[in-house]
Amino acid sequence: MSKATSMFHPKRLDLSGFVNTRLIRDHNKRNAFAQMEPERQALRYIIRNTSLPQRTRAQAQLQLSQMHCYTRPTQIKNRCVASGTARSVFRDFRLNRFQFRMQALAGELPGVKKASW
């Protein structure tokens, strides 16, 4: 077995706040997407460029379709970093509404306070 680690199954992860496998998988997807996005953009540009030969465009299309599914932007799902749930997640804090409320009331979120008017 080779010593090189794959970007989809890393040997060591910094899992400081992660709690379940869905979050680990989401973390891997985000890293894979960030690494491969320039290459995906270049291939998409080649595919759309009508001034290039059809054979070159077809090869680029084949390369793009054979890339790992984790490199696609549609694979990334916003998940709560505290609980791992994917519903009602605030993007700015990466917390779902319940965790956001609990942490805000406990004073753990800087700059957030209960509204009163």
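Any value given below was found using the heavy atoms of this structure, including those in side chains, with hydrogens, waters and symmetry copies removed.
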Side-chain donor/acceptor pairs under 3.5 Å, residues 58-66, sequence neighbours excluded:
residue : atom : partner : partner atom : Å
Ser65   : OG   : Gln61   : O            : 3.3
Ser65   : OG   : Leu62   : O            : 2.9

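- Both Phe90 and Leu109 belong to a common hydrophobic cluster when Ile, Leu, Val, Met, Phe, Trp and Tyr are linked at side-chain heavy-atom distances under 4.5 angstrom.
- One finds the CZ atom of Arg40 at 6.0 Å from the CE atom of Met67 (value rounded to the nearest 0.5 Å).
- Rounding to the nearest 0.5 Å gives a distance of 10.0 Å between CG of Leu95 and CD of Glu108.
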* To do: Check step by step if side-chain contact (heavy atoms from CB on, under 4.5 Å) holds for Tyr70 and Met36.
  => CA-CA 9 Å; Tyr70 280 13; Met36 300 301 284; over 6 Å; no
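- A salt bridge links Arg30 and Asp26; the closest N-O separation between the charged side-chain nitrogens and carboxylate oxygens is under 4.0 Å.
- A continuous path of ILVMFWY side-chain contacts below 4.5 Å connects Val81 to Val112, so both sit in one hydrophobic cluster.
- One distance of note links SG of Cys80 with CZ of Phe100; it measures 11.5 Å at 0.5 Å rounding.
- Atoms CG and OG1, on Asn28 and Thr21 in that order, are 11.0 Å from each other to the nearest 0.5 Å.
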* Go through the steps to decide whether Asn31 and Gln35 satisfy the test side-chain contact (heavy atoms from CB on, under 4.5 Å), and finish with yes or no. => CA-CA 6 Å; Asn31 284 344; Gln35 285 180 349; 5.5 Å; no
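- Of all the heavy atoms in Ile46 and Arg57, the pair that sits closest is O-CG, 3.4 Å.
- In this structure, the separation between CD on Gln75 and CZ on Arg25 is 10.5 Å, given to the nearest 0.5 Å.
- Atom OG1 of Thr50 is separated from atom CZ of Arg48 by 11.5 Å, given to the nearest 0.5 angstrom.
- Counting all heavy atoms, side chain and backbone alike, Ala86 lies closest to Arg79 at CB-NH1, 3.6 Å.
- With sequence neighbours excluded, no residue forms a side-chain contact (heavy atoms from CB on, under 4.5 Å) with Ala42.
- Ala82 and Gln99 make their closest contact through CB-OE1, 3.7 Å (heavy atoms, listed as atom of the first residue, atom of the second, distance).
- Thr85 and Asn96 share a donor-acceptor pair across their side chains, judged by distance under 3.5 Å alone.
- The pair Glu37-Arg44 counts as a salt bridge, with a side-chain nitrogen and a carboxylate oxygen less than 4.0 angstrom apart.
- The shortest non-hydrogen separation linking Arg91 to Asn78 is NE-ND2, 3.4 Å.
- Side-chain N or O atoms of Thr71 include one that pairs as donor or acceptor with a backbone N or O of His68 at under 3.5 Å.
- Side-chain atoms of Arg97 do not come within 3.5 Å of backbone N or O of Ser88 as any donor-acceptor pair.
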